[in-house]
Amino acid sequence: MIEPLRLSFEVACDPEHAFSVWTEHISSWWPPDHTVSGEPGTHVVLEPRLGGRIYERSPSGHESEWGEVTAWEPPGRLAYLWHIGADRADATDVEIAFVEVAASVTRVEVEHRGWERLGTERGRQRRDANHSGWGRIIPGFRDRCAIQTASDAELEPRAS
């Protein structure tokens, strides 16, 4: 077995807001260089339901599949298959819990597992690459969570 990635960090908002930022406003914080197309203006979509698709749509309209929602329990838990830039057969599992620890403070607990499906060598390589990737996306998520009372329009990414 390849050890799952486990990350835990706090954000300055309540769990409802953190869940909403992660799911409804993912394009407002997801870095464009962590998409399949790499194009500025690429829109990331997480369909808000069990079985919902996770995908990107480039400015030219091309869509690339990233995953599928496997648990939808707002505002406390979200899980999905994750295969950005890879075949669905190579999907790993991501589970995220949003836990209130104080007024306007939420602990986000991420477990990313299933690496052994890829075989030992490739699984370890993908795990290491994803560890680095999580380090790149979390700061943007934290920053967006701090925008507690913003309207939906203010949460969407700014045009480049």
Side-chain angles (χ1 to χ4, degrees), residues 1-32 34-36 42-57 63-86 88-118 123 126-158:
M1 183 173 137
I2 301 171
E3 185 69 23
L5 286 173
R6 290 184 180 94
L7 306 141
S8 180
F9 58 94
E10 291 183 356
V11 293
C13 64
D14 60 44
E16 291 83 5
H17 186 71
F19 190 92
S20 173
V21 168
W22 194 285
T23 60
E24 297 172 46
H25 305 289
I26 192 168
S27 275
S28 72
W29 56 271
W30 195 272
H34 274 60
T35 62
V36 174
T42 294
H43 188 72
V44 181
V45 177
L46 190 152
E47 295 177 340
R49 60 181 168 76
L50 187 62
R53 295 169 53 216
I54 305 170
Y55 63 96
E56 71 179 65
R57 183 178 301 120
E63 289 186 359
S64 296
E65 295 292 323
W66 288 15
E68 179 183 331
V69 176
T70 57
W72 182 260
E73 301 170 12
R77 182 174 168 264
L78 170 69
Y80 44 84
L81 291 177
W82 186 246
H83 56 88
I84 183 172
R88 189 178 193 283
D90 290 338
T92 53
D93 301 297
V94 175
E95 184 170 343
I96 305 159
F98 301 88
V99 181
E100 186 171 37
V101 293
S104 295
V105 179
T106 299
R107 184 176 60 249
V108 180
E109 299 171 346
V110 178
E111 183 172 303
H112 194 164
R113 61 186 177 270
W115 309 107
E116 55 279 350
R117 290 183 201 130
L118 306 172
R126 289 277 300 277
R127 182 188 183 279
D128 291 346
N130 276 266
H131 187 266
S132 174
W134 282 108
R136 173 73 171 91
I137 68 166
I138 290 170
F141 174 69
R142 273 190 167 138
D143 290 348
R144 285 298 179 196
C145 282
I147 304 172
Q148 184 68 38
T149 59
S151 71
D152 289 354
E154 290 171 317
L155 282 172
E156 290 309 310
R158 294 176 183 85

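Worth saying up front: this structure is predicted, and the values here are computed from it rather than measured.
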Worksheet entry | Arg117/Asp93 under side-chain contact (heavy atoms from CB on, under 4.5 Å): CA gap, chis, key distance, verdict | CA-CA 10 Å; Arg117 290 183 201 130; Asp93 301 297; 2.4 Å; yes

How many angstroms lie between [atom1] in [X] and [atom2] in [Y], if you round to the nearest 0.5 Å?
{"X": "Ile138", "Y": "Cys145", "atom1": "CD1", "atom2": "SG", "result": "11.0 Å"}
{"X": "Glu65", "Y": "Ile84", "atom1": "CD", "atom2": "CD1", "result": "11.5 Å"}
{"X": "Leu5", "Y": "Trp115", "atom1": "CG", "atom2": "CH2", "result": "5.5 Å"}
{"X": "Ile54", "Y": "Ser64", "atom1": "CD1", "atom2": "OG", "result": "13.5 Å"}
{"X": "Thr23", "Y": "Tyr80", "atom1": "OG1", "atom2": "OH", "result": "10.5 Å"}
{"X": "Glu10", "Y": "Glu109", "atom1": "CD", "atom2": "CD", "result": "10.0 Å"}

Discussion item. Run the side-chain contact (heavy atoms from CB on, under 4.5 Å) test on Phe98 and Val21 for me, step by step, so that the C-alpha distance in whole Å, both residues' side-chain angles and the decisive distance to 0.1 Å come before the verdict.
Written reply: CA-CA 11 Å; Phe98 301 88; Val21 168; over 6 Å; no

Worksheet item: Arg142: what forms a side chain to side chain donor-acceptor pair (under 3.5 Å) with it, not counting sequence neighbours?
Response: none

Quick one: closest heavy-atom pair of [X] and [Y], and the distance?
{"X": "Thr42", "Y": "Thr35", "value": "CG2-CG2, 4.2 Å"}
{"X": "Arg144", "Y": "His17", "value": "O-NE2, 3.9 Å"}
{"X": "Ser8", "Y": "Arg107", "value": "OG-CD, 3.2 Å"}
{"X": "Thr106", "Y": "Ala18", "value": "CG2-CB, 4.4 Å"}
{"X": "Phe19", "Y": "Pro74", "value": "CE2-CB, 3.4 Å"}

Practice prompt. Name the orientation class of the two ring planes belonging to Phe141 and Phe9 (parallel below 30°, tilted from 30 to 60°, perpendicular beyond 60°).
Written response: perpendicular

Worksheet entry | Trp29 and Trp22 aromatic ring geometry - parallel, tilted or perpendicular at 30°/60° bounds | tilted

Worksheet item: Under 4.5 Å between any side-chain heavy atoms of Pro31 and Ile137, yes or no?
Response: yes

Worksheet item: With side chains defined as the heavy atoms from C-beta onward, is the minimum distance between Leu81 and Arg88 less than 4.5 Å?
Response: yes

Tell me if a side-chain donor or acceptor on [X] pairs with a main-chain N or O of [Y] at a distance below 3.5 Å.
{"X": "Glu47", "Y": "Arg53", "result": "yes"}
{"X": "Arg127", "Y": "Glu3", "result": "yes"}
{"X": "Ser27", "Y": "His43", "result": "no"}
{"X": "Glu111", "Y": "Pro4", "result": "no"}

Worksheet entry | Between His112 and Trp134: side-chain donor-acceptor atoms closer than 3.5 Å | yes

Worksheet item: Between Val45 and Trp66, does a side-chain contact (heavy atoms from CB on, under 4.5 Å) hold up when you go through it step by step?
Response: CA-CA 9 Å; Val45 177; Trp66 288 15; over 6 Å; no

Discussion item. Would Asp90 and His83 count as a side-chain contact (heavy atoms from CB on, under 4.5 Å) here? Give the steps.
Written reply: CA-CA 6 Å; Asp90 290 338; His83 56 88; 5.6 Å; no

